[in-house]
Amino acid sequence: MPGANLTRIEAEERKDTISAPIHYTVSLDLTHGAKDFGSETTITFDAKPGSNSFLDLIANEVSEIVLNGETLDPTTAFADDRIELKNLEAHNEVTVKALCQYSNTGEGLHRSVDPSDGNIYLYSQFEVPDARRVYAVFDQPDLKAVFDFSVLAAKSWIVTSNMPAASVTDTEIVTEEGTLGEHEAETTRRWVFEPTPTMSSYLTAICAGPYAEWHTEYANEDGRTVPMAMYCRQALADAFAKDVDYLFDITKKGFAFYAKTWGVPYPYAKYDQIYVPEYNAGAMENIGMVTIRDQYVFESKVTDAYAERRVVTVLHELAHMWFGDYVTMKWWNDLWLNESFAEFTSTLATAEATEWKDAWATFSSGEKSWALRQDQLSTTHPIVAPINDLNDTYVNFDGITYAKGASVLKQLVFYVGRDKFFQGINNYLNKHAYANATLADLLAELELTSGRDLKAWSAQWLEQSGINTIATEVQENEDGTIRQLVLRQSAPAEHPVLRAHRLAVGFYNEDPATGKIVRTDQFELDVDGETTVVEAAAGKTRPALILVNDDDLTYTKLRFDDQSLKFAAENLYRFDDALARSVIWLAFWDMTRDGELPAKQFIDTSLAALATEHESTTFRYALAQISTTAWHYTAPADRAAVVEHVAAELFKLANAAEAGSDEQFQLITAYLGYGEPADEAFAANAKGLLDGSVVLEGLEIDNNFRWTIINALSTVNEIGQAEIDAELAKRETTENREFALGARAVAGTAEAKAWAWNEALNNNGLTNMQLEAVAGGFAATPRADLAEPYAEKYFEVADWIWQNKTFHMAEALLEGLYPGYADPAKLVELGDAWLDAHEHADNALKRIVRGNVEASHRTLKVRDFNAAL
């Protein structure tokens, strides 16, 4: 990706040169055709007289550059995605006319054609630095500006942006046939939008197309009426119409919760949520117009976990209107100021303002497990991460920035007190409204309201990498009471910092009346240093289980005392509280990944608990962890038998589950991931589900689940390409094209793998989502013989991928094509050699590859641990 990077030093130098007021007038012409669009930008800005700087722009062609009345030669002024600006004056005006390119990668201005009806949909995605793919811009967060957008588009289209439309005018222009759509010529319409508030360029947005739309309004806490809208593709309109009122209601609850919690009403003129196809992320917090992946429009049954995740996502993006948009980081090292806050507060809002009351159990099982996994890689980083350039930023949208940061914020709230914490947030938002801020700015306000010195806290939690482990040590008296309860904290050698924790210790026992395991006592305390004595526990009767980090108030690994470990393993399914189960289950999983808990024990404990678990995200992650354990962590000699055992138990549990329940759906879906060649029972079950001869009462074989079955049959070569094509021909949609590509790629043949490998690397016509489907199918077949030939090829092609693909496509290929079912010893050998030879490679590339290689190191270590038992 040469020429597209921006270093922190360059950004600081440009900020020192360019100053407010900065104003953009951006005019886009979307009537050119299917490949390109016209972009004209006029920017007025102040600068140091006589200084030099540059604009960012990625364009196919620049036809005109005029700086302060002087016409510049584009062939010399425009190079390496930058426009050179020389000899600036105190007050400047520059105009740039360019022809920019639509993307099919979800970066810049993405163009998607829906095969079901031929409709064209455009949407922008500008984070981290992709506004420059659409207009000339100082593309860094601390050069905030006011933006005036106008867009020329097809008359039949809707165009939306950050602000309401000031005018919409029909034009007399008639375009050439086929330039706007795939069907016929049509007249055009110009949309002119109201000026934006002062904002960062990465938060600007444009969407255009024949979107279906719904409208309502919100009585804002400041007395204004805020218009609200939702949009989606026409092909999804019927399905989305069933959920629109619910999603409006969730959003309004979010408005009210955040305004009350932070004391700052929603600050912008409108609030749109537009569900768009082929989206790289979950959603994006563009001011006044959030874009959301349209997989969140449910045409087929989804898990309750996914339905809850949609709610959290809606509330996450809404939280960004304050954190990230209203107050924005100065540079990407404070990305956590956006993402950690949005992740923490959206979980808080979900738990306290919606029907998803177990959201913190969801967070523990899902987000926190993500953080623990990434925090134990050598590629971990502080929450406040060192960001030297844009490529560093790309790879920091990770479990540290989101999930660990949110966990640490939960700890901080408990540490300083909720009321004082949110008073500090109120002061922070008011003080830095529409401006940029840093970690120091935030801590200053929290120190004032809490009275605590947070510099030491920040140094431990935000500025140091790694995770601690807290182990429980119990000394008993002869009468069964506790003589002393000690919490022993340790840290990994590479990150030897012992942190101060404010946490709770819970005692759990059986309730004789119900047979459930319930909390019978709890102690709050500060844990600091290597050892902490729980004074309040002395003299208490020893409980069946001692749970450190009860209520999941801090961020740490846990190790149980022997008696608690045995009891929890045998009785996990009996624990009454969803969050307690999640904390214990996550600790078991962590021990399994560390080679301290036998793989078979983790599987058996988890299978038993699945029979009674109803928290959907905990259920979902347990199924995924069982799969990883069975396929990767078990001793090679035991693997086939363990996989067969797990598959049989999942099918049994699915048949025993409540008809039509979330558990039934998740169990049968998980079962379909355990197919192996020549497994006649599996093939019969999968075929029977497809043709109706195998019936689970209440289970609907809808569109998406049909493709789940087809994928399973393809894995074991029980369905061919002609049948996959025939299934697609029944209903060719954006989603079904992706399903069909994945089903072809997952087929258990060498020919299918060769096709998928070539398509993923060389078919530039694939959209980002199609590429992910092909790469995912390639790597998902659980057979070492099919993965082995690609171990060497992967490391041979990694540099080419990085040099020739955009970041998001490179990331999808480098993560998706990693042949994880190959012999881990071979992957470790090849991977370590590649890393040794790439000491000076781009840091972002090394982080992606290193993450894969270290996963193979862990697989090898844990497999060998289980083989030695």
Side-chain angles (χ1 to χ4, degrees), residues 351 357-358 360-365 368-369 410 414 469-477 479-488 501-525 527 532-592 596-597 601-602 604-615 617-619 621-622:
K357 303 303 180 186
D358 285 330
W360 285 115
T362 293
F363 179 83
S364 172
S365 297
K368 204 162 185 180
S369 64
K410 186 179 182 183
F414 194 53
T469 300
I470 298 179
T472 310
E473 298 174 0
V474 186
Q475 298 173 21
E476 288 187 53
N477 297 310
D479 62 357
T481 59
I482 295 173
R483 182 164 66 250
Q484 188 176 63
L485 174 59
V486 176
L487 306 184
R488 187 171 300 279
H501 304 257
R502 180 70 181 172
L503 54 74
V505 176
F507 283 8
Y508 285 79
N509 291 287
E510 181 181 359
D511 178 0
T514 64
K516 295 286 188 181
I517 309 302
V518 299
R519 183 166 62 204
T520 53
D521 212 343
Q522 187 186 64
F523 318 103
E524 293 182 6
L525 70 156
V527 172
T532 302
V533 176
V534 185
E535 302 286 357
K540 299 276 188 178
T541 300
R542 180 187 176 124
L545 173 94
I546 299 170
L547 180 59
V548 177
N549 200 24
D550 199 24
D551 287 333
D552 200 28
L553 297 171
T554 192
Y555 175 79
T556 185
K557 291 157 65 83
L558 298 178
R559 291 298 181 264
F560 302 100
D561 65 273
D562 291 343
Q563 183 174 318
S564 292
L565 175 63
K566 182 176 186 298
F567 181 83
E570 294 173 353
N571 295 280
L572 177 59
Y573 69 98
R574 298 172 63 203
F575 278 75
D576 186 57
D577 181 67
L579 182 53
R581 292 195 305 275
S582 175
V583 170
I584 295 167
W585 218 326
L586 182 56
F588 284 168
W589 171 235
D590 180 61
M591 294 172 68
T592 304
E596 298 176 19
L597 187 73
Q601 182 178 353
F602 176 78
D604 289 342
T605 295
S606 297
L607 287 171
L610 286 175
T612 56
E613 182 60 56
H614 297 291
E615 206 293 309
T617 301
T618 300
F619 202 97
Y621 275 83

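Note: hydrogens, waters and symmetry copies are ignored here, and every other heavy atom, side chains too, is used. Sequence positions, counted from 1, serve as the residue numbers for this chain. All values reported here derive from a predicted model rather than from experimental measurement.
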Distance check, rounded to the nearest 0.5 Å: [X] atom [atom1] versus [Y] atom [atom2]?
| X | Y | atom1 | atom2 | answer |
| --- | --- | --- | --- | --- |
| Lys410 | Asp551 | NZ | CG | 7.0 Å |
| Glu613 | Thr618 | CD | OG1 | 5.0 Å |
| Tyr573 | Trp585 | OH | CH2 | 13.0 Å |
| Ile517 | Asn509 | CD1 | CG | 7.5 Å |
| Glu473 | Leu487 | CD | CG | 9.0 Å |
| Leu503 | Leu553 | CG | CG | 7.5 Å |

Which atoms form the tightest heavy-atom contact between [X] and [Y], and what is the distance?
| X | Y | answer |
| --- | --- | --- |
| Gly506 | Asp550 | CA-OD2, 3.4 Å |
| Ile482 | Ala537 | CB-O, 3.6 Å |
| Asn549 | Val583 | O-CG1, 4.2 Å |
| Ser582 | Ala361 | OG-O, 3.3 Å |
| Ser564 | Asp561 | OG-OD1, 2.7 Å |
| Ala578 | Glu615 | CB-CG, 4.2 Å |

Handout entry: Side-chain donor or acceptor of Asn477 paired with backbone N/O of Asp479 under 3.5 Å
Key =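 Not confirmed, Asn477 side chain does not pair with Asp479 backbone.
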
Practice task
State which residue, out of Val518, Leu547, Thr612, Leu545, fulfils the side chain to side chain contact (heavy atoms under 4.5 Å, CB included) condition with Phe575.
Solution key: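 It is Leu545, the one option of Val518, Leu547, Thr612, Leu545 that forms the side chain to side chain contact (heavy atoms under 4.5 Å, CB included) with Phe575.
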
Are [X] and [Y] packed together at the side-chain level, in the sense that at least one heavy-atom pair is separated by less than 4.5 angstrom?
| X | Y | value |
| --- | --- | --- |
| Pro543 | Arg519 | no |
| Ile546 | Phe560 | no |
| Val505 | Leu485 | yes |
| Leu597 | Trp589 | no |

Ring pair (Phe, Tyr, Trp, His ring centres under 6.0 Å) with [X]: which residues, sequence neighbours excluded?
| X | result |
| --- | --- |
| Phe414 | none |
| Phe507 | Phe523 |
| Phe363 | Trp360 |

Problem - Residue that, paired with Arg559, satisfies side-chain hydrogen bond (donor to acceptor under 3.5 Å, both in side chains) out of Thr469, Thr472, Asp590 - result: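 When Thr469, Thr472, Asp590 are each tested with Arg559, the side-chain hydrogen bond (donor to acceptor under 3.5 Å, both in side chains) holds only for Asp590.
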
Exercise for the section: Please indicate whether Lys566 has more than 12 foreign heavy atoms, meaning atoms of other residues, nucleotides or ligands, lying under 6.0 Å from its NZ. Expected result: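 No, the 6.0 Å shell around NZ holds no more than 12 heavy atoms from other groups.
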
Exercise for the section: Flag yes if more than 12 heavy atoms outside Asp562 fall under 6.0 Å of its CG atom; otherwise flag no. Expected result: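 No - once you tally the heavy atoms of other residues, nucleotides and ligands closer than 6.0 Å, there are 12 at most.
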
Exercise for the section: Please check if any side-chain donor atom of Glu510 sits under 3.5 Å from a side-chain acceptor atom of Asn571, or the reverse. Expected result: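 On atom types as modelled, these side chains do not qualify, holding no pair under 3.5 Å.
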
